[in-house]
Amino acid sequence: MKDYLLDPEAREFRATTREFLQRELAPRSDAIENRQDWAAVKAVVQALGKAHYLTLMFPDLYRGSLSSPGLVHAAILSEEAAAINYAFETTIATAISCAYPLHRYALPEVRARYLDGIIDGSEIGAICVTEPDVGSDSAGMQTRIAFDDTRNEWVINGFKRYISNASVADTYIVYGISNPAVTAQKGMSAVVVPKDMPGIRFPRNYTFMGRRGCIVGEVEFQDCRVPANHLLGRRDEGFRIMLGMFNFERVILGGSGLGQARAAFDIATTHAQRRNSFGQKLGCKQLIWDRVAEMSWRIDAAELLTYKAALLYDAGALSAKELMKPASMAKLVATETALFCADATVQILGGDGLTKEYGRAEQIYRDARALTIVGGTSEMVKYLIASTDMPSIKPNL
């Protein structure tokens, strides 16, 4: 990594973060990948919390050594963690995405109750958006969040799936329709639901081809009630909260993609310089150096777009709508780069790229496949980019 856009403090932060994760995450990565050991995941989360890494997005709560912590540093953390184990990075990225709306929109008493445990690493958070018929298209959301004024409570009914940290999270941010008479953009709300509330249950967890050790599953709400003060922001303004969260999440996913791409690239270039084929090093073959060159320029492009978006976010001069395009571009290019590099690395390694006995190439290949789907598919973020450049056109997706 050249870190073209980062200042010396951020470069130093990368170095110390890499050392920290090599000490705390790397020794546990085998247990996470091969035994799906949740205790190993929790141990690293707690270490990150103790070292102030989970407050990077919240300068008023941060107690580390950085002068101006922000999304740049959170993206670095994401990148370095994903380079070692993307399943683990998914867990902490989801937790931070849960902490973000709590910090910004929760009432003080709710914020203190649910945010503190997430940022100190003792608790885990989750975000509930996706439903059986709702992915990127939030307009079709079926979950209902109704207010019972006789008991001063919000009542949640609905079914969410593909929820990272489902069943193991302590706190859930749930999005649902609070005013079905208007569009979802004008009638959505977000509420905080603790794991032990009556009416919340977890029907099943999923088995994924990759990201082993990251728990993903279903969350169902049946007349689940939370106090009135568990609303985030104002009633019917949940879509605005979700939009801001997605900008943040997509830049973090840019870091995830970079980490996966970089790990694959290192494996491929090491192999190409070591392996002999037809009397010379594999990397001397034109078809191989062509792949290596394309991996290299794609990684540099992804790095520039990801940290440009993070810097724009931290500068605070753009609205959530204005940040949508740079965040989407970061997510698109970095995750597509991860997928390209993972595939090219397996091809360069040949049979060695298909088996665990010869290293991580096959794991990265399986893990990277999720990146172009989660947090908004590549197709969806392309639409968001194009819709910014052609504002007069509003296609019916």
Side-chain angles (χ1 to χ4, degrees), residues 36 38 41-42 87 90-91 93-95 97-102 105-106 110 113-114 117-118 123-148 151-180 184 187-208 211-233 235-236 238-239 241-242 245-246 249 370 373-377:
Q36 301 188 51
W38 181 249
V41 173
K42 280 286 290 183
T90 297
T91 300
T94 301
S97 294
C98 178
Y100 169 84
L102 279 169
Y105 297 104
V110 175
R113 165 61 187 88
Y114 299 111
I118 294 175
E123 296 185 351
I124 296 290
I127 302 291
C128 296
V129 175
T130 305
E131 299 180 1
D133 294 317
V134 174
S136 299
D137 181 15
S138 60
M141 191 173 286
Q142 297 299 306
T143 296
R144 295 295 184 259
I145 300 176
F147 188 67
D148 182 350
R151 294 174 54 174
N152 203 32
E153 293 175 332
W154 295 99
V155 185
I156 307 107
N157 282 282
F159 181 84
K160 303 290 187 178
R161 67 172 183 164
Y162 295 132
I163 307 305
S164 295
N165 301 339
S167 77
V168 294
D170 302 280
T171 303
Y172 297 81
I173 305 298
V174 183
Y175 290 86
I177 302 302
S178 49
N179 184 359
M188 182 186 298
S189 292
V191 294
V192 184
V193 181
K195 66 176 181 181
D196 54 359
M197 294 302 291
I200 182 174
R201 70 184 196 96
F202 311 99
R204 62 174 174 170
N205 290 332
Y206 297 132
T207 302
F208 279 80
R211 299 195 302 172
R212 294 174 181 171
C214 170
I215 296 176
V216 182
E218 300 169 346
V219 185
E220 187 174 17
F221 304 93
Q222 294 181 343
D223 291 328
C224 181
R225 292 173 174 268
V226 295
N229 65 355
H230 281 46
L231 178 71
L232 293 177
R235 179 174 182 163
D236 298 337
F239 186 81
I241 296 172
M242 187 170 66
M245 181 193 72
F246 278 153
E249 182 185 19
I373 296 173
V374 299
T377 63

Nearest atoms (heavy-atom pairs only) where Val219 meets Ala166: CG2-CB, 3.9 Å
Write down the atom of Asn229, the atom of Val110, and the distance for their closest heavy-atom approach. O-CG2, 3.2 Å
To the nearest 0.5 Å, tell me how far Arg161 CZ sits from Asn205 CG. 14.5 Å
Would you say the side chain of Arg211 lies within less than 4.5 Å of the side chain of Val374, judging by non-hydrogen atoms? yes
Can you tell me how the ring of Tyr105 sits relative to the ring of Tyr100, calling it parallel under 30°, perpendicular over 60° and tilted otherwise? perpendicular
Can you name the side chain to side chain contact (heavy atoms under 4.5 Å, CB included) partners of Ala95, sequence neighbours left out? Ile118
Report the distance from atom CG of Asn157 to atom CZ of Arg225, rounding to the nearest 0.5 Å. 9.5 Å
Any donor-acceptor N/O pair, Asn165 side chain to Gly125 backbone, under 3.5 Å: yes
Derivation and outcome, side-chain contact (heavy atoms from CB on, under 4.5 Å), residues Thr91 and Trp38: CA-CA 10 Å; Thr91 300; Trp38 181 249; 3.8 Å; yes
What are the two closest heavy atoms between Ala87 and Gly213, and how far apart are they? CB-C, 4.3 Å
I need the Ile200 CD1 to Cys128 SG distance, nearest 0.5 Å. 6.5 Å
Return the CD to CZ distance between Glu220 and Arg204, rounded to the nearest 0.5 Å. 11.5 Å
Quick one: CD1 on Ile124 to NZ on Lys42, what's the gap to the nearest 0.5 Å? 4.5 Å
Under 3.5 Å, is there a donor-acceptor pair between the side chain of Trp154 and the main chain of Phe147? no
Has Lys160 got a side-chain atom pairing as donor or acceptor with Tyr175's backbone, closer than 3.5 angstrom? yes
Would you list the atom pairs, donor with acceptor, under 3.5 Å between side chains in residues 188-198 and any protein atom, with sequence neighbours excluded?
residue : atom : partner : partner atom : Å
Ser189  : OG   : Ser178  : OG           : 2.7
Ser189  : OG   : Asp236  : N            : 2.7
Lys195  : NZ   : Asp170  : OD1          : 3.2

What closest approach, in Å, do Phe159 and Thr143 show between heavy atoms, and which atom pair accounts for it? N-OG1, 3.7 Å
Donor-acceptor check, side chain of Glu131 to backbone of Gln142, threshold 3.5 angstrom: yes or no? yes
Hey, would you say the Phe202 and Tyr172 ring centroids sit under 6.0 Å apart? yes
Could you tell me whether the side chain of Met242 reaches within less than 4.5 Å of the side chain of Ile127, counting heavy atoms only? no
Shortest non-hydrogen pair, Thr90 vs Cys214, comes out as CG2-SG, 3.4 Å
Are the side chain of Arg212 and the backbone of Gln36 linked by a donor-acceptor contact shorter than 3.5 Å? no
Enter the distance from Ile173:CD1 to Ile241:CD1 here, rounded to the nearest 0.5 Å. 9.0 Å
Smallest heavy-atom separation, Ser164 atom then Thr94 atom, equals CB-OG1, 3.4 Å
